[in-house]
Amino acid sequence: MKKEMSKTYNPKEVEDKTYAYWHEKGYFKPEIHPDGAPFTIVMPPPNITGQLHMGHAFDGTLQDVLVRYKRMDGFSALWLPGTDHASIATEVKVVDKLREEEGKTKQDIGREAYLERAWDWALTYKTRITSQLKKLGASCDWSRERFTMDEGCNQAVNEAFVNLYEKGLIYKGSRIINWCPTCKTALSEAEVEYAEQQGHLWHIRYPLASEDGYLVVATTRPETMLGDSGVAVNPEDERYRHLVGKTVILPLLNKEIPIVADEYVDMKFGTGAVKMTPAHDPNDYEVGLRHNLEQIRVISDDGTMNELAGKYKDLDRYECRKAVVKDLEDLGLLEKIEEHQHNVGECYRCKTTVETLTSEQWFVKMEPLAKPALEAVRNRQTEFIPDRFSKIYYNWLENIRDWCISRQLWWGHRIPAYYCGDCGEMIVAKKAPAACPKCGGTQITQDEDVLDTWFSSGLWPFSTLGWPDSTADLKKFYPTSVLVTGYDIIFFWVARMVFMGLLEMGETPFKDVYIHGLVRDSQGRKMSKSLGNGIDPLELIETYSADALRFTIITGNSAGNDIRWQDEKVESSRNFLNKIWNAARFVLMNLDDDIMEKKDAAMAHLENTDKWILSRMNTVVQEVNHNMEKYELGIAASKVYDFAWNEYCDWYIELVKPRLYGDEEQTKISAQYTLRVVLDTILRLLHPFTPFITEEINSYLPGADGDIIIAQWPHFNEADVFPEDEKEVVFLMEAIRSIRNIRAEMDVPNSKKTQLFMISENSKHLSLMESSLLYFQKLASVSSILAISKEEVQENYVSAVVDDLELYINLDELVDREKEIARLSAEKKKLEEEINRVIKKLSNKGFTDKAPEKVVEGEREKQRRYQETLQKVLERLDYFNQ
């Protein structure tokens with residue numbers, strides 16, 4: 001007995017059940033097509049501290065669309081999921097929990113006990129975001145799920161670190177870094193967020209040492225002057241050229257420091273003379289290296305001043321700033337203070353203003369790694385989509401500094417460097433040595449620091465596939481096919497994966513990098529907690545369905561561009577899905593169970609409308625395939641939407657209804673078969689975008705060949721292209737549309753039938769119209785079609801022209817002239833009353849001055865709308881009165 005679809009689609013009854021079924025059947029594993037060509041995506045690992053937000057939903061939907069498309073197309077498709085241990089974010093969470101629940105610090109309990117708590121926290125929360133991705137429909141191979149701190153990834157990290165060290169690409173030294181005084185760790189560029197802040201520019205007089213006068217420097221951070229070791233001017237600056245090589249007295253500390261010339265100095269900024277603090281500014285650091293200036297670090301790890309700051313020792317950096325400014329004023333050395341807007345770096349986690357300072361850390365030499373990574377993209381070994389984002393990639397790698405990879409944390413991959421307590425020897429090794437290779441001592445301790453999170457995620461495309469072991473997965477699925485990610489981490493993550501892949505694997509980790517934008521609110525603002533404009537995807541799924549959310553994201557997307565979220569769009573997507581459900585239900589109610597066994601009979605007697613929809617279906621299939629291969633996912637989805645709604649549902653189904661209800665068996669079979677074939681193709685084309693509803697409808701299709709998730713993806717079939725039939729049906733549709741427009745303008749109910757007269761010298765069009773009477777009766781309320789001559793056209797006929805065909809309808813058949821005049825006169829009177837009411841309201845100054853602008857504008861809009869309608873009514877009255 002045929003299973004019957006419910007009247008309405010209920011996603012809550014379908015989605016979880018269907019996802020569990022797919023997972024149980026093993027459909028997400030690439031082994032479902034063991035002989036297929038590999039197609040691989042590695043998921044950008046979300047932080048275990050996070051939960052699903054619109055960015056994840058956007059990113060995840062794009063990846064899922066691609067992998068479902070390739071899976072259906074016969075590829076051995078692997079979407080490999082995983083999560084990131086998020087060193088700083090996780091440590092903050094665990095430290096806070098420890099303080100709140102036990103009143104202790106991590107130092108109180110020790111490293112081992114702390115890491116036990118961190119692992120407990122990680123294992124508890126890392127499943128949260130993956131379970132949320134499943135709600136979205138993410139068809140990842142969860143059996144291959146990875147975690148950046150799992151045993152395999154840790155092995156890969158140690159292997160890569162030792163390889164880099166042995167190649168001379170990793171070293172330990174004192175260099176300028178970003179430092180968070182609150183988290184007390186070094187930070188990468190990715191962990192520093194810049195915000196525009198209102199500050200000041202202090203103009204300070206530095207007395208000349210060998211003559212009267214002074215040099216005025218301008219600075220935004222007067223407290224760092226305590227670490228000055230020089231003043232720089234531009235060699236082209238005539239104001240200061242005579243002072244180069246001389247010295248000034250550093251105020252407050254009263255020591256001589258040199259004046260140097262360097263092209264780095266911007267002559268137009270401030271006074272054109274810049275204090276040089278090499279230990280506290282990255283640009284000063286570089287200038288200092290060129291001129292051999294001393295590095296004097298005066299700020300400690302906790303943000304207080306150290307002993308080199310003199311009497312300001314132990315002051316907080318901001319307290320020190322106030323004290324320094326006051327002392328300069330008292331000494332008459334503060335010339336002026338200006339308001340100044342500038343970008344200030346903040347720790348992405350705790351929002352503390354970051355310090356730049358010199359510190360002994362572990363670094364990766366970037367120049368030897370950057371060159372091959374640049375060449376790989378220039379030579380199109382890896383391509384950015386859209387290509388414009390390659391410029392960001394080039395710019396970062398061309399200006400890159402050595403990468404600080406050590407973090408002063410406990411949660412993370414511990415640096416595989418060991419120190420001998422007997423002789424001081426440092427040993428870098430994949431595993432802890434039992435004894436010192438130099439002296440044989442056994443007092444071995446491991447480096448306290450952990451690695452930057454980006455180090456492990458830089459290995460992600462191959463560490464997840466089993467590297468450094470030569471696994472079957474690594475051989476088959478590396479390099480991966482495409483990386484899908486946002487434009488905000490091109491250099492933080494993408495570049496690192498490229499140069500690490502080239503170094504360790506000898507080839508780039510992915511062929512394509514698909515860059516998407518951000519999901520912004522309806523006003524175009526970035527979603528954030530502070531603005532309170534974030535949208536929870538899980539709430540949208542609960543309200544509208546996962547399919548509706550996915551389809552909204554995709555149809556609003558074009559590569560590299562942000563999308564604005566509007567609830568109206570997701571409502572529209574839900575309406576579309578309901579349309580597909582209702583259309584499918586109607587079709588299935590009118591299909592014989594054995595319709596697919598009647599293919600030969602159906603194809604032998606196809607009518608022009610059948611051939612039109614089959615031909616259009618093939619064109620759409622061809623275009624969608626082209627769009628999918630070019631990553632034009634939004635365009636592809638929109639084309640399926642337009643074809644399904646406008647051509648299949650609104651036209652073809654309506655055109656064939658008389659045949660379905662008629663007595664002619666052969667034409668009914670052709671209509672049923674065509675309905676079934678086209679519906680099946682629509683469902684397949686829609687599946688990557690809206691997987692749940694398509695799988696559910698597919699389960700009702702008579703003759704369905706298995707589950708749609710692994711059904712064959714549609715391809716262009718030249719045998720189903722019928723250009724002449726397309727032209728015929730498009731011509732008929734335009735004629736029907738023209739008659740509908742006339743009736744709508746005259747406000748004629750569908751129940752009122754009318755004759756249709758036609759004039760044309762094209763006998764083919766006349767014959768086509770006469771043979772298509774059934775369609776005009778059903779869709780345009782036409783009672784009969786009759787060819788006439790020009791002489792037979794009467795004054796009361798209204799007309800429309802379609803190609804070389806003139807269409808006429810007797811106005812008297814449509815409208816009772818006297819009744820229409822009476823109706824229009826009443827409408828005219830009502831509109832005039834409404835217009836007068838609005839004019840009176842808008843003339844009231846009390847209303848326009850006190851009412852909200854939105855309310856006033858609403859009344860003005862009513863007036864405009866009423867006046868436009870009145871104009872049309874007057875035109876109609878004039879017509880009938882004549």
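This one's a predicted model, so the numbers in the text were calculated from it and none came from an experiment.
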[Y] and [X] side chains, donor-acceptor separation under 3.5 Å:
| X | Y | result |
| --- | --- | --- |
| Glu695 | Trp22 | yes |
| Tyr652 | Asn646 | no |
| Glu607 | Ser670 | no |
| Tyr9 | Asn582 | no |
| Trp79 | Gln63 | yes |

Rounded to the nearest 0.5 Å, how far apart are CZ of Phe722 and CG of Asp720?
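If we round to the nearest 0.5 Å, Phe722:CZ and Asp720:CG are 5.0 Å apart.
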
For the residue pair [X] and [Y], establish whether any side-chain heavy-atom pair is separated by less than 4.5 Å.
| X | Y | value |
| --- | --- | --- |
| Leu633 | Tyr69 | no |
| Thr61 | Leu136 | yes |
| Val482 | Val513 | no |
| Arg128 | Gln132 | yes |
| Lys29 | Trp142 | no |
| Tyr661 | Asn590 | yes |
| Arg676 | Val587 | no |
| Tyr641 | Thr555 | no |

Please test Arg574 against Ser545 for side chain to side chain donor-acceptor pair (under 3.5 Å), starting from the C-alpha separation and ending with a verdict.
CA-CA 8 Å; Arg574 180 175 60 183; Ser545 79; over 6 Å; no

Please work out which of the three classes, parallel, tilted or perpendicular, describes the rings of Phe689 and Phe551, given edges at 30° and 60°.
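Ring orientation, 0 to 90° scale: perpendicular.
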
Just say parallel, tilted or perpendicular for the rings of Phe39 and Phe75, cut-offs at 30° and 60°.
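Taking Phe75 first and then Phe39, their aromatic rings stand perpendicular (interplane angle over 60°).
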
Determine yes or no for a side-chain-to-main-chain donor-acceptor pair under 3.5 angstrom, with [X] supplying the side chain and [Y] the backbone.
| X | Y | answer |
| --- | --- | --- |
| Tyr19 | Ala138 | yes |
| His56 | His53 | yes |
| Thr694 | Pro691 | yes |

More than 12 heavy atoms of other residues, nucleotides or ligands under 6.0 Å from CG of Asp705: is that the case?
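Check fails, neighbour count at 12 or below.
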
What heavy-atom pair brings Arg659 and Ala671 nearest, and what distance separates the two atoms?
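So the minimum-distance heavy-atom pair works out to NH2-N, 3.5 Å.
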
